[in-house]
Amino acid sequence: MIKEGRFGFMEAFSIMAIVLVTKIFYGSPMAIIKYLGTAAWYGTLISCVGALIFFTLLYLLMKRFPQQDLFQIFETVTGKLIGKSLILIFAVFLLYKAGINITEFTAVLKVYSMPFTPPSMIILPFLIVVAAMAYVGLEGIVRTAHIFFYLVFGSLILILLLAIPSYDFNYLQPVLGYGLAKTIETGIIRTAAYDEIVFLAIIIRSLQGLQVFRKVGYLTLILGGLTFSVCLICILAAFQYTVGGEHLSGMYQLSRVIYFTRFFQRIESIFLFVWVISSVITVAFIFYISLNAYSRVFNISNHRPLILPFTFLTFMFAFIPNNFAQIMEIHLRVLREFSSVIFIFIPVMVLLLALIRGKKEVKTSGKA
Amino acid sequence: MFNFLSKKLRSWQQQNQNINKENKENDNSKKTKENSQAKLSSNLKENLDSIKAILGVCEDLIIREFAFGNKGQISAAIIFIDGMVDRTLINDNIIKPLMYDNRFICEEESLEIKNIDIIKGTILYVGEIEKSTTINDLVESCLSGDTILLIEKAKEALVISSRGWETRGVVDPETETIVRGPREGFTENLRTNTTLLRRKIKSPDFMLEAMKIGRKTNTAISIAYLKGVANPEVIEEAKRRLKRIDTDGILESGYIEGFIEDAPLSIFSTIGNSEKPDTVAGKILEGRVAVLVDGTPFVLTFPMVFIEGFQSAEDYYSRPYYASLVRVIRFIAFAISILAPSSYVAATTFHQELIPTPLLFTVAASSEGTPFPAVVEVLAMGVIFEILREAGIRLPRPVGQAISIVGALVIGESAVSAGLIGGIVVIVIALTAVASFVVPAQTDSGAILRVILVILAGSMGGVGIMVGLIGILIHLASLRSFGTPYLSPLAPLSPFDLKDVFFRVPIWAMLTRPKSIVRQNIQRQKFILKPTPPPEKKDKGGSK
């Protein structure tokens with residue numbers, strides 16, 4: 001078994017918050033504004049409520065098996081063969097997710113900051129750091145996330161505050177967007193945008209108990225939902241929904257409109273660098289969990305020898321999309337809408353199966 | 001690749017272990033051979049010959065043969081190394097009592113003067129005397145500065161403590177100068193150093209454990225800690241790592257550091273060092289363990305955390321507000337020292353939009369006509385600065401000043417006026433140089449990080465800097481020093497210990513020792529120690 005170390009509430013909260021919120025810096029606001037128009041800001045809150053319901057189900061599942069993590073529960077409930085197959089699906093999909101996240105990051109970087117740099121030159125050093133982080137292990141990733149948590153969220157708040165002069169809240173009308181039904185429907189489908197919360201169940205044994213798991217889960221989902229919603233309000237108020245749906249990175253555009261005297265202008269690049277940090281942390285975390293999952297399937301005790309081949313595979317996944325349109329229309333839809341089939345549907349099915357088959361962890365004496 | 005490297009490393013370690021084993025076996029076999037022959041005989045001449053045979057023709061070995069007793073009937077000899085002993089002590093407290101005083105004290109027949117215990121107990125005026133029966137022990141003691149007294153027909157010898165070589169005085173340490181606080185620094189003498197610590201911590205719980213390391217140098221070291229406060233696991237681990245050292249010589253505490261540190265391949269040191277007794281005493285009181293090494297004024301302390309480099313003893317002697325301000329300035333200076341050159345390269349090469357327009361014109365004007373790209377300019381100036389720094393340190397002081405003038409005026413000014421480098425680059429490098437000396441503990445690691453970040457900035461701009469910074473941080477997050485996470489109390493977060501990180505709370509509010517280091521006896525002082533003036537007495541009569 002891979003030694004993952006232990007960490008506290010703040011560390012777990014930081015990593016989950018960064019993983020959930022990073023997508024706000026890239027194409028996610030554009031997509032949701034395109035689908036929901038002026039209703040995007042509360043459409044994401046509907047997704048958040050959906051994610052909270054899912055997390056409650058996940059918590060019920062984890063509560064039935066307090067000594068086990070999600071992957072162990074898969075094996076306990078569904079048996080070794082199916083359990084391992086499910087873990088393998090997780091491993092492959094996570095690797096794909098890591099690759100596409102890198103591509104999305106590279107595309108935004110190329111458009112806004114480094115137009116002449118070849119994508120491979122951006123991806124390679126990015127992946128080297130991701131591999132180094134995976135080599136160090138979960139404890140190192142989480143500690144790094146905790147240190148950068150304040151920087152990432154601080155810069156986010158700063159952008160929203162500094163861009164206040166550009167806001168016109170009349171742009172939020174019509175409040176119902178393209179219709180309430182469509183908003184609710186899209187909101188529910190896009191619950192998948194918050195499905196990274198399932199990672200918390202995978203690393204649960206590094207947390208200090210089920211109570212910390214519950215607290216971190218609910219708080220990060222609420223923080224993520226509010227952050228998304230506030231950011232979308234600001235983007236809509238600054239650019240109106242027609243223009244807001246065209247920006248590759250709404251937050252970057254928001255940082256571009258900041259203007260305080262002649263000296264403090266065009267400071268958007270500073271924020272771009274902060275987003276690099278959150279992207280690296282997010283990809284490293286997903287990459288590590290993918291490695292972990294694969295190691296579990298084949299009972300590999302040390303994940304480090306796998307880092308190099310997995311880095312290569314991630315590099316390959318990153319090159320699947322041919323252009324940015326493909327990233328937006330196919331791959332990000334898979335990640336932010338249909339990934340719920342894997343990250344939400346499977347755990348819920350496992351919970352149902354555990355309830356039907358009456359599977360529950362047998363408490364041993366002296367252990368909770 | 002990692003697997004291959006780790007396999008290589010393992011096989012190399014295995015080979016090394018085998019060599020060590022062979023060395024040990026050889027040494028052991030030699031030792032046992034010697035030991036078997038090394039018992040003292042009752043013949044003085046034989047004993048002296050054995051010692052001479054081991055020490056060879058040493059010009060500093062003094063063997064003084066003499067006779068004592070009422071009629072000088074007992075032959076004896078004292079042996080010592082010239083220069084390592086206190087000659088006055090030998091003359092007045094060893095030779096004089098034996099040759100002169102005891103003629104009046106004892107009558108010939110009443111005292112069995114050959115009895116070594118009587119000599120030890122009644123004749124010699126020395127505080128520390130031990131008996132020994134083996135030649136090897138005598139040779140070792142003699143080489144450490146003790147005096148050996150051999151007596152005819154005695155199968156035991158006396159090892160008399162008479163160490164007294166020339167040492168440097170207790171002076172203000174050059175590497176840690178302060179405005180307010182004690183002006184004493186450790187010296188090269190181990191005993192002086194332990195005394196300096198003992199004078200600070202006059203507690204029976206203050207422990208000093210002796211050890212000798214180095215097959216040839218036999219360097220004495222002392223492990224110092226506060227019993228009941230220092231983590232016993234750390235103490236045991238320290239002893240285990242120290243005992244593991246099997247080398248021919250230890251000439252400085254840096255050798256020990258290299259052998260016992262947690263991350264030997266890291267550019268960051270996971271073991272602290274200090275020249276100041278008050279700093280080391282402070283760390284011991286916080287629950288750290290110190291290792292004092294004979295022959296060096298630098299005392300090692302561990303567990304070490306990253307933020308220790310930003311703390312100074314003076315922070316605790318001055319008022320908390322100013323201490324906190326200085327602490328923040330140190331963090332800023334460290335950030336400037338590693339990020340200023342790379343940020344300049346990134347901004348001028350990739351992100352010109354980051355520079356405000358008026359400033360951009362100035363930067364463009366200064367670098368116009370220079371033949372090299374920004375990254376080459378910065379790297380070249382960085383290398384020149386490091387050369388000047390090294391030259392300034394190694395050369396005698398008057399020449400060092402000349403070097404500074406050459407560096408500042410000739411190279412800097414001339415290079416700009418010749419159009420080789422931009423004026424802003426000189427400013428950036430100068431600022432970096434000044435900032436790098438604000439945090440001495442990270443000066444060497446900072447120099448390496450600077451170069452790495454400049455190269456990354458030159459190739460990938462700001463993204464490169466960010467990628468580099470994350471790499472550095474993830475490395476820092478993975479480090480441990482004797483079980484303590486290197487980034488604590490920041491990560492893992494220990495809110496109580498933040499009282500002494502970015503700011504320093506008043507002394508009366510420092511209630512606990514660092515929780516990441518100490519497992520027991522965490523409470524340091526009473527809860528309510530905030531000074532409060534006595535309530536004003538009501539003047540019943542009032543002023544009239």
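Below, chain A is the first sequence line, B the second, and so on; all start at residue 1.
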Discussion item. Go through it in stages, so that I can follow the logic: the residues are B/F310 and B/F502, the test is ring pair (Phe, Tyr, Trp, His ring centres under 6.0 Å), and I'd like the CA-CA distance, side-chain angles, deciding distance and then a yes or no.
Written reply: CA-CA 9 Å; B/F310 298 87; B/F502 297 111; 8.8 Å; no

Worksheet item: What part of A/L109 lies closer than 4.5 angstrom to a heavy atom of chain B: side chain, backbone, both or neither?
Response: side chain

Worksheet item: Do the side chain of B/Q520 and the main chain of B/N231 share a donor and acceptor less than 3.5 angstrom apart?
Response: no

Item to complete: May I ask you to name which of A/A284, A/G8, A/P125, A/A145 has the most heavy-atom pairs under 4.5 Å with chain B?
Response: A/P125

Worksheet item: Measuring heavy-atom distances to chain B, does A/F116 have an atom under 4.5 Å in its side chain, in its backbone, in both, or in neither?
Response: neither

Discussion item. Among B/L479, B/L473, B/L476, B/L490, which residue has the highest count of heavy-atom pairs closer than 4.5 Å to chain A?
Written reply: B/L473

Discussion item. Need one label for A/M133: side chain, backbone, both or neither, based on atoms under 4.5 Å from any heavy atom in chain B.
Written reply: both

Worksheet item: Should A/F7 and A/L138 be marked as a side-chain contact (heavy atoms from CB on, under 4.5 Å) after you check the CA-CA gap, both sets of side-chain angles, and the distance that decides it?
Response: CA-CA 9 Å; A/F7 39 85; A/L138 186 61; 3.8 Å; yes

Response to the item:
Turns out that what part of A/V276 lies under 4.5 Å from chain B's heavy atoms comes down to both

Worksheet entry | Check: A/Y288 and A/I141 side chains under 4.5 Å, non-hydrogen atoms | yes

Practice prompt. Identify which part of A/I147 has an atom lying under 4.5 Å from any heavy atom of chain B, answering side chain, backbone, both or neither.
Written response: side chain

Discussion item. Between A/F25 and A/Y252, is the ring pair (Phe, Tyr, Trp, His ring centres under 6.0 Å) condition met? List the steps.
Written reply: CA-CA 7 Å; A/F25 301 133; A/Y252 187 79; over 10 Å; no

Practice prompt. Determine the option with the most heavy-atom pairs under 4.5 angstrom with chain A, choosing from B/G462, B/S478, B/G468, B/A347.
Written response: B/G462

Worksheet entry | Pairs meeting criterion side chain to side chain donor-acceptor pair (under 3.5 Å) with involvement of residues 10-25 of chain A, two or more places apart | A/S14-A/H146, A/T22-A/T282, A/K23-A/E196

